[in-house]
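Have a look at the structure below, then the notes.
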Protein chains: 2
Amino acid sequence: MVRREPLNREKVLTAALALAGEEGLEGLSMRRLAKALGVEAMSLYNHVANKSDILDGIANRVLAEVRPADPALPWAERIRVTALGMYQALRRHPVVPLSLATDQANPATTQALRPLDDLVGALYEAGFDDAGVRQALGGVSGLVFGSILLSTAGFARPPAPGDVEHHEQWDEYARRIDPDELPHFNRLVTGNRDADPEEDFVRALDILIAGLIASTPSRT
Amino acid sequence: MVRREPLNREKVLTAALALAGEEGLEGLSMRRLAKALGVEAMSLYNHVANKSDILDGIANRVLAEVRPADPALPWAERIRVTALGMYQALRRHPVVPLSLATDQANPATTQALRPLDDLVGALYEAGFDDAGVRQALGGVSGLVFGSILLSTAGFARPPAPGDVEHHEQWDEYARRIDPDELPHFNRLVTGNRDADPEEDFVRALDILIAGLIASTPSRT
DNA sequence: ACCTGAACACCGTTCAAGT
DNA sequence: ACCTGAACACCGTTCAAGT
């Protein structure tokens, strides 16, 4: 119970990541975070500027986990590896895509932008011009973030295996859907029990990359 | 100032959509919404169950705006039209993708799911099996939502033309980026001024659809 | 049937005061 | 240098009371 060392920024961020992992973004409040650290809420402001600073710090840490792809790989493979690395890191910590999407975090650091730099480098190497790179980057990053955000939320996505909450939600969909009004969706929902979100993401990513290869300007 | 007719659900939803359009999701509070309607916050509960009910109603209305694609069109074209329709409707009302991503809305109505049903129908027609449809649907819907959420937020996306806020943010990126550490990203940021988010989305969508066509099981 | 005021349990953040 | 208590301006929602 006795605190020898004082708090510091890193400890705050670690506790924030843990709390967000348990309670989600809406459960991550300055007051609850302080309580988890055995301190009053106002003490946190000695180590971070405000809540956005915490979310920036978290996003930064998580994006820094993404291992850079081997530069010797062909560009399409580098995109695959980097996008998957982003997906995995962000999916381990869904607070991050959520706080980025809601504009509560905005980590403009080298570490955080490194994975994007890798994607951009691969796309330039593929032969796209500035506009093409911007569009293709929007496609890849949009797919990564959209897949995570939709699979974290309940809308329009199959459940993860063992994820009871999502499973129930999917079942409720199946119950509420009028098969006459939504015949195809009904077929999909009844025919799809356990699915692995990451496997589904990789499949969608491979489809996008196949399209990128087909759109490469330099191909004959 | 004198209110003749009493409030009703539709009026509440209309006002909520307008308020969210002006102030964003974080500006849409029960108290502010009530004030905009010239009423006390607690009156709203006579017409909607709670805030989630409002967000469901909003999402429902906006998704119902998506016009169904002509069933006579080839499957790839139907996907293109429907996905673009979703993008346009959701982009006019960014509260909707935001409240879906944060799980505050969950509209499981026929109207809201109709566009997804169209996508699923087109994918079955293309020849995908259940898993393939689920994966391809995840790709298309992930791209739609991710593109909107990233373009609405400031992270990793070029600014819309005339969108001062984003423009400034992009400029700040350009200022803060270390060209030696993020050479490719730096090249992209300095070489990209005005871009149209919708045009970029369509381009990314076409790339994904090209990949879908190439992945179709029934092709020779 | 519809609206309201007071209240409860929360937020992020500031500021003056403590050690 | 770090922590705290009280306060301010907010939230969503409940409940009893008004018309």
Side-chain angles (χ1 to χ4, degrees), chain A residues 1-20 22-59 95-96 98-107, chain B residues 1-20 22-59 95-96 98-107:
Chain A
M1 272 299 112
V2 184
R3 177 175 307 283
R4 323 211 144 278
E5 303 181 59
L7 223 46
N8 60 47
R9 182 169 222 271
E10 297 312 309
K11 283 184 198 163
V12 172
L13 295 183
T14 301
L17 211 38
L19 180 57
E22 287 158 21
E23 310 284 349
L25 177 55
E26 84 284 5
L28 173 57
S29 76
M30 299 298 276
R31 287 168 144 103
R32 292 177 71 165
L33 177 57
K35 184 164 286 178
L37 285 162
V39 102
E40 296 300 315
M42 305 71 206
S43 306
L44 299 175
Y45 289 87
N46 286 304
H47 306 100
V48 294
N50 47 38
K51 192 176 178 179
S52 280
D53 188 25
I54 292 179
L55 294 172
D56 274 0
I58 284 177
V95 227
V96 173
L98 230 37
S99 55
L100 289 168
T102 55
D103 232 352
Q104 296 177 82
N106 225 314
Chain B
M1 270 303 109
V2 184
R3 176 175 306 281
R4 322 211 146 277
E5 304 181 58
L7 223 47
N8 61 48
R9 183 171 222 269
E10 297 313 310
K11 284 184 197 163
V12 171
L13 295 184
T14 301
L17 211 37
L19 180 57
E22 288 158 20
E23 309 284 349
L25 176 56
E26 84 284 5
L28 172 57
S29 76
M30 298 300 274
R31 287 166 142 105
R32 292 178 71 165
L33 176 57
K35 184 164 286 178
L37 285 161
V39 102
E40 295 300 315
M42 304 71 207
S43 306
L44 300 174
Y45 289 88
N46 286 304
H47 307 99
V48 296
N50 48 39
K51 192 175 180 182
S52 280
D53 188 25
I54 292 178
L55 295 172
D56 274 1
I58 284 178
V95 227
V96 173
L98 229 39
S99 55
L100 289 168
T102 55
D103 231 355
Q104 295 176 84
N106 226 312

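Order of the sequence lines sets the chain letters (A, B, ...), proteins ahead of strands, with each chain counted from 1.
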Between atom [atom1] in [X] and atom [atom2] in [N], what is the gap in whole Å?
{"X": "A/N46", "N": "D/dT4", "atom1": "CG", "atom2": "P", "result": "10 Å"}
{"X": "B/R31", "N": "C/dA7", "atom1": "CZ", "atom2": "C1'", "result": "10 Å"}
{"X": "A/L28", "N": "C/dG12", "atom1": "CG", "atom2": "P", "result": "8 Å"}
{"X": "B/R32", "N": "D/dG12", "atom1": "CZ", "atom2": "P", "result": "10 Å"}
{"X": "A/E26", "N": "D/dG12", "atom1": "CD", "atom2": "P", "result": "15 Å"}
{"X": "B/M30", "N": "C/dG5", "atom1": "CE", "atom2": "P", "result": "17 Å"}
{"X": "A/L33", "N": "C/dC11", "atom1": "CG", "atom2": "P", "result": "11 Å"}
{"X": "B/E23", "N": "D/dC10", "atom1": "CD", "atom2": "P", "result": "13 Å"}

From C-beta outward on A/K51, which listed nucleotide comes closest to its side chain: D/dC2, C/dT13, D/dG5?
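The nucleotide sitting nearest to the side chain is C/dT13.
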
Choosing from C/dC3, C/dC11, D/dG12, which nucleotide comes nearest the side chain of A/S29?
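Among C/dC3, C/dC11, D/dG12, the one nearest the side chain of A/S29 is C/dC11.
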
Which part of the nucleic acid, if any, lies within contact of B/M42, taking any heavy atom under 4.0 Å across all strands shown: a base, the sugar-phosphate backbone alone, or nothing?
base

Base partner of C/dA16, which must satisfy Watson-Crick or wobble distances under 3.5 Å:
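Matched C/dA16 with D/dT4 under the 3.5 Å cut-off.
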
Name the pairing partner of D/dC11, where a pair is Watson-Crick or G-U wobble with both distances under 3.5 Å, or state none.
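Across all strands, not a single nucleotide pairs with D/dC11.
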
Taking only the side-chain nitrogens and oxygens of [X], find out if one of them lies under 4.0 Å from OP1 or OP2 of [N].
{"X": "B/S43", "N": "C/dC2", "answer": "no"}
{"X": "B/Y45", "N": "D/dT14", "answer": "no"}
{"X": "B/H47", "N": "C/dA1", "answer": "no"}

Write down the distance separating the P atoms in C/dA9 and D/dA9, rounded off to the nearest Å.
22 Å

[X] to [Y] - nearest heavy-atom pair and separation:
{"X": "B/P107", "Y": "B/L100", "result": "CD-CD2, 3.5 Å"}
{"X": "A/L44", "Y": "A/L7", "result": "CD2-CD2, 4.3 Å"}
{"X": "B/S52", "Y": "B/Q104", "result": "OG-O, 3.3 Å"}

Are A/T102 and B/L25 close enough that some pair of their side-chain heavy atoms sits under 4.5 Å apart?
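They are not in side-chain contact.
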
Can you confirm whether A/L33 sits close enough to A/K51 that some side-chain heavy atom of one is under 4.5 Å from a side-chain heavy atom of the other?
no

